[in-house]
Undergrad: 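What follows is a single structure, and I will ask about it in a moment.
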Amino acid sequence: MHTAVLTDRERAAVQAYLRLLHTVRAAFDGPPGSLRPPVIPPSVLAEAEQALDEAGLTGNEEKFFHLVRSWHTGP
């Protein structure tokens with residue numbers, strides 16, 4: 001259930017961040033001792049950075065993470 005009304009750009013920023021977070025988690029999940037990629041694909045990071053910038057959230061982590069917490073209730 002979404003408790004905040006986000007603009008399209010804010011929603012895009014939250015969604016890009018969540019994709020980045022899931023990519024990082026997937027990179028580090030796996031059996032102990034398995035090889036893990038040393039970096040996140042540049043396109044995933046670039047998407048998140050661009051979305052934050054377009055939403056006016058670059059450098060405003062407090063507001064951004066408030067939006068994430070209020071919009072996304074899943075793991």
Side-chain angles (χ1 to χ4, degrees):
M1 179 174 167
H2 302 206
T3 58
V5 177
L6 277 63
T7 67
D8 288 342
R9 289 184 176 182
E10 289 171 336
R11 186 178 308 105
V14 169
Q15 290 172 334
Y17 168 76
L18 293 174
R19 280 191 290 277
L20 176 61
L21 181 62
H22 291 288
T23 300
V24 170
R25 283 183 178 163
F28 287 99
D29 282 348
S34 63
L35 294 177
R36 295 177 174 95
V39 295
I40 300 303
S43 61
V44 175
L45 188 55
E47 176 194 22
E49 289 177 349
Q50 181 179 353
L52 286 170
D53 189 46
E54 289 175 357
L57 296 168
T58 300
N60 194 343
E61 292 82 7
E62 183 177 344
K63 180 179 178 184
F64 174 68
F65 285 114
H66 172 74
L67 292 173
V68 171
R69 282 189 304 273
S70 64
W71 189 76
H72 181 71
T73 57

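Only this structure's heavy atoms are used, side chains among them; waters, hydrogens and symmetry mates stay out. Everything numeric here is computed off the predicted structure, so don't read it as measured data.
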Undergrad: Could you tell me which non-hydrogen atom of Ala13 sits nearest to which non-hydrogen atom of Ala55, and how far apart they are?
TA: CB-CB, 4.1 Å
Undergrad: Please report the interatomic distance CD(Glu47) to CG(Leu52), rounded to the nearest 0.5 Å.
TA: 10.0 Å
Undergrad: Which pair of heavy atoms, one from Lys63 and one from Leu57, lies closest together, and at what distance?
TA: CD-CD2, 3.8 Å
Undergrad: Short question: side chain of Glu10, backbone of Thr7 - any donor-acceptor pair under 3.5 Å?
TA: yes
Undergrad: First locate atom CD of Glu49, then atom OG1 of Thr58, and finally report the distance between them rounded to the nearest 0.5 Å.
TA: 8.0 Å
Undergrad: With rounding to the nearest 0.5 angstrom, report the CG to CD distance, Leu20 to Gln15.
TA: 13.5 Å
